[in-house]
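Letters go in sequence order (proteins before strands), and every chain restarts at 1. The shown structure was predicted, so the numbers you read here are calculated from the model rather than taken from an experiment. The figures that follow rest on heavy atoms only: side chains count, while hydrogens, waters and symmetry mates do not.
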Number of protein chains: 2
Amino acid sequence: MENQNELIGAFMQMKTKEQMLNFLNGILTPKELEEISRRLQIVKMLKRGIPQHTIAKKLGAGVATITRGSRELKMGRFKYI
Amino acid sequence: MENQNELIGAFMQMKTKEQMLNFLNGILTPKELEEISRRLQIVKMLKRGIPQHTIAKKLGAGVATITRGSRELKMGRFKYI
DNA sequence: TTTCCATATCATACTAGTATACTAGCATTA
DNA sequence: TAATGCTAGTATACTAGTATGATATGGAAA
């Protein structure tokens, strides 16, 4: 999608963390920002081999959510984190 | 929030557009990616001074959504795009 | 006046959380 | 050995919350 390329370009243009935060706060709702941040935590903990139940408890998330993250991981996403 | 800092760090680590796309595809659902891409389009067109109803028609979005984007713009977000 | 913007309301779609069930592997125990 | 219990991963049905789209209305600016 063409619009996605522009989005990616915008992300790549952010040179400082402050710029990135400003951009994220604009483009995402507070709830979305929180959710997406948590998804990253899920993936990181999954990569570390932490059991799904433990992740769910620590992050206050549902097991189903962790399983969804696990599926994304297996599909080859997150090669670079 | 601590998790948000890690998210920002992850975004900053992406060195190529391919990495960024891989990351976004993992951390966002297809629907979210589409929505967020469109939000960026909305802001860009608003900045260009295009009437809201024109934007709505071109992007297939509702007027209320454009107005919400306009509000974000006025609140000082998107200083860097 | 006419165009444009902002807001409210309602219905819809999507995601997360919860509960539950199923399977597999492993250790313990009768 | 066979049965039981526990942990872990996965899948599914249901509910709640949230963002969007459509629409109507009121107000502001040209």
Is the shortest side-chain N/O distance from B:Thr65 to OP1 or OP2 of D:dG21 below 4.0 Å?
yes
Does A:Met45 reach the side chain of A:Lys58, with side-chain heavy atoms less than 4.5 Å apart?
yes
Are A:Lys47 and A:Phe78 side-chain neighbours, meaning at least one heavy-atom pair lies under 4.5 Å?
yes
Do B:Ser37 and A:Glu6 have side-chain atoms, one donor and one acceptor, less than 3.5 Å apart?
no
Close residues, residues 29-45 of chain A, relative to DNA chain C [heavy-atom separation under 4.0 Å]:
A:Glu35, A:Arg38, A:Arg39
Distance-minimising heavy-atom pair for B:Met12 and A:Met20
SD-CE, 3.7 Å
Identify the two heavy atoms, one from B:Gly60 and one from B:Arg38, that lie closest to each other, and give their separation to 0.1 Å.
O-NH1, 3.7 Å
Pairs: protein N or O with nucleotides 7-9 of chain C N or O, under 3.5 Å:
none

Atom [atom1] of [X] to atom [atom2] of [N]: distance rounded to whole Å?
| X | N | atom1 | atom2 | result |
| --- | --- | --- | --- | --- |
| B:Leu73 | C:dC5 | CG | C1' | 14 Å |
| B:Lys58 | D:dG21 | NZ | P | 17 Å |
| A:Ile66 | C:dT18 | CD1 | C1' | 13 Å |

The reported gap from CG in B:Asn3 to CD1 in B:Ile8 (rounded to nearest 0.5 angstrom) is 11.0 Å
Measure the spacing between NZ of A:Lys17 and CD of A:Gln19 and express it to the nearest 0.5 Å.
13.5 Å
Please report the C-alpha distance between B:Glu32 and A:Arg39 in whole Å, then the side-chain angles of each, then the deciding distance to 0.1 Å, and finally whether the salt bridge (charged side-chain N to carboxylate O under 4.0 Å, His left out) criterion is met.
CA-CA 13 Å; B:Glu32 284 171 342; A:Arg39 286 182 207 165; 2.8 Å; yes
Keeping the roles fixed (side chain from B:Asn22, backbone from B:Glu18), state whether a donor-acceptor pair exists under 3.5 Å.
no
Okay, side chain of A:Thr65, backbone of A:Ala61: is any donor-acceptor separation there less than 3.5 Å?
no
What do you reckon, are the aromatic ring centroids of B:Phe11 and B:Phe23 less than 6.0 Å apart?
yes
With heavy atoms under 4.0 Å as the rule, sort A:Gly62 into base, sugar-phosphate or nothing.
base
Is A:Ala61 touching bases, backbone alone, or none of the nucleic acid, heavy atoms closer than 4.0 Å?
sugar-phosphate
Close approaches to DNA chain D from residues 46-54 of chain A, in residue order (heavy atom, under 4.0 Å)
A:Pro51, A:Gln52, A:His53
